[in-house]
*Asks:* 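Here's a structure for you.
The figures that follow rest on heavy atoms only: side chains count, while hydrogens, waters and symmetry mates do not. Sequence lines set the chain letters: A, B, ... in the order given, protein chains first and strands last, and positions in each chain run from 1.
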Amino acid sequence: MMEEALVQEPPAVALELEQRFRLFVASHRERARRLAWRLVGGDDAAAEDVVQEAFIKAYRALSQFREEASLATWFYRIVVRQAHNYCRWRTVRETWSALWHGGPQPTAAPASGDPLLRRRIAKALAQLSRSQKEVFVLVHMEGFSVREAAALMEKPEGTVKSHLHRALQALRSELADLAEDTGGKAP
Amino acid sequence: MTQPRDEWPQLDHTEEQFVRRLAAHYAPQPLTPARRVALNAALWARLQRPPRQTRLTPALATAAVAMLITCLSWSGLFMPPAHDGGPSVSISAPSSTEPWEYELLYSRELTGTTERDDGAILPDDYLGIAQVFLDK
């Protein structure tokens, strides 16, 4: 069997946990990757690292969660924290890189779509506070409810709503051209 | 996490369009089946390995570098300033000082006498010079 935590379980239970984990990965991989990608500023490789690390933590804690919903809440909380940790390390790396090489090194991998607009959105999101950015991405981009986001971030719902409002105002101000009403023609 | 949306922030039409555009423009490409298989394989391969404390490695490395820099900075504080070409004064006694020089220089302070004959302690060449210039 694979991991120490599961080696201690009886084979039938371990098999059940493993099966449960495979289903969990299949259910949440795409959403977790998208969430991580948005939180780390559009970096594919970093997002995949973040998600893999969160899955490994979820696997180790699997037996402690009987309900899939509570495991999912915990898992997405890990994803958000991992993404934040990644961003902090990236800041340190970029600082050192600027010191040694005389300028910041590009970190985000190219992706499809309009790269200029994507960079603008990433930059505007990066200018928000950590909580505002996380709440905005969770609720407005990933479709979590306010209550889910509040549970995930361990903050009161009122605080989440306040962060959402401020984040939206800041982004509309920063990305005013996107905020103009074009008759509902989203790309 | 799969519950129906119990509460959703109230947005007007413009805000809703704006949020929708952001979400549409700022999204990764979906995983290809091959990429998904590769990621799953990598995940299970990692799970098969025993847990290691590798996550501490970057933190420890950074802490070590920070300590090194701190030590270097602190030692720099106690180093003498760079020599700017000006005269330097040493307070240490020259190692070639003869015993008679000490006696000549400090004997008055030590004994409290004001006048004495230095001829007894001066070397011969100094005595010769003293005889010429001091009429001794």
*Asks:* Just how far is it from atom CZ of B:Arg21 to atom CG of A:Asp177, taken to the nearest 0.5 Å?
*Replies:* 9.5 Å
*Asks:* Heavy-atom pairs under 4.5 Å with chain B are the metric here; pick the option from A:Lys161, A:His165, A:Arg29, A:Glu157 that has the most.
*Replies:*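 Result: the option with the highest number of such pairs is A:Arg29.
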*Asks:* Give, for atom CZ of B:Arg46 and atom CD of A:Gln52, the distance between the pair rounded to the nearest 0.5 Å.
*Replies:* 7.0 Å
*Asks:* Are A:Phe65 and A:Tyr76 connected into the same hydrophobic cluster when the rule is that any two of I, L, V, M, F, W, Y join if their side-chain heavy atoms are below 4.5 Å apart?
*Replies:* yes
*Asks:* Are the side chains of A:Glu48 and B:Arg35 in contact, using a 4.5 Å heavy-atom criterion?
*Replies:* yes
*Asks:* According to a 4.5 Å side-chain heavy-atom criterion applied to Ile, Leu, Val, Met, Phe, Trp and Tyr, with indirect links allowed, do B:Leu11 and A:Leu128 form part of one hydrophobic cluster?
*Replies:* yes
*Asks:* At a heavy-atom separation under 4.5 Å, does A:Leu171 approach chain B through its side chain, its backbone, both, or neither?
*Replies:* both
*Asks:* Between A:Leu117, A:Ile121, A:Leu125, which has the largest tally of heavy atom pairs under 4.5 Å with chain B?
*Replies:*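 Highest number of pairs under 4.5 Å: A:Ile121.
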*Asks:* Select one option (side chain, backbone, both, neither) describing which atoms of A:Val25 are under 4.5 Å from chain B's heavy atoms.
*Replies:*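 It is the side chain, since no backbone atom gets that close.
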*Asks:* Could you tell me whether a side-chain N or O of A:Arg38 sits under 3.5 Å from a main-chain N or O of B:Tyr26, the two making a donor and an acceptor?
*Replies:* yes
*Asks:* Do A:Gln169 and B:Glu15 come within less than 4.5 Å of each other through their side chains, counting heavy atoms only?
*Replies:*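 Yes. Closest side-chain heavy atoms under 4.5 Å.
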*Asks:* Quick check on the hydrophobic clustering: are A:Trp74 and A:Leu17 connected, directly or via other members, by side-chain heavy-atom contacts under 4.5 Å?
*Replies:* yes
*Asks:* Tell me if a side-chain donor or acceptor on A:Arg33 pairs with a main-chain N or O of B:Pro28 at a distance below 3.5 Å.
*Replies:*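 Not at all, since once roles are kept as given, no pair shorter than 3.5 Å links the two residues.
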*Asks:* Is A:Phe136 close to chain B through its backbone or its side chain, or both, or neither, when contacts mean heavy atoms under 4.5 Å?
*Replies:*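 The side chain, not the backbone.
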*Asks:* Among B:Leu31, B:Val19, B:Thr62, single out the residue with the greatest number of heavy-atom pairs under 4.5 Å to chain A.
*Replies:* B:Leu31
*Asks:* For residues A:Arg22 and B:Asn40, is any side-chain donor paired with an opposing acceptor at under 3.5 Å?
*Replies:*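 Per modelled atom types, A:Arg22 and B:Asn40 side chains form no pair under 3.5 Å.
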*Asks:* Side chain, backbone, both or neither: which part of A:Ala47 has a heavy atom under 4.5 Å from chain B?
*Replies:*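 Neither part, no heavy atoms under 4.5 Å.
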*Asks:* Should we say atom CZ of A:Arg77 is surrounded by more than 12 heavy atoms from elsewhere, each under 6.0 Å from it?
*Replies:*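 Yes.
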*Asks:* Output, in order, the C-alpha distance, side-chain angles, deciding distance and verdict of ring-ring contact (aromatic ring centres under 6.0 Å, His included) for A:Phe55 and B:Trp44.
*Replies:* CA-CA 10 Å; A:Phe55 273 132; B:Trp44 291 106; 9.5 Å; no
*Asks:* Determine, step by step, whether B:Leu43 and A:Val51 satisfy the side chain to side chain contact (heavy atoms under 4.5 Å, CB included) criterion, reporting the C-alpha distance in whole Å, the side-chain angles of both residues, the deciding distance to 0.1 Å, and the verdict.
*Replies:* CA-CA 10 Å; B:Leu43 175 62; A:Val51 172; over 6 Å; no
*Asks:* Are any of the side-chain heavy atoms of A:Arg60 and B:Leu47 separated by less than 4.5 Å?
*Replies:* no
*Asks:* As an exercise: rank A:Leu164, A:Leu175, A:Val137 by heavy-atom pairs under 4.5 Å with chain B and give me the winner.
*Replies:* A:Leu175
*Asks:* Spell out, yes or no, whether A:Leu23 and A:Leu71 are grouped together once hydrophobic residues are joined by side-chain heavy atoms under 4.5 Å, including indirect joins.
*Replies:* no
*Asks:* Is any side-chain heavy atom of A:His140 less than 4.5 Å from a side-chain heavy atom of B:Leu22?
*Replies:* no
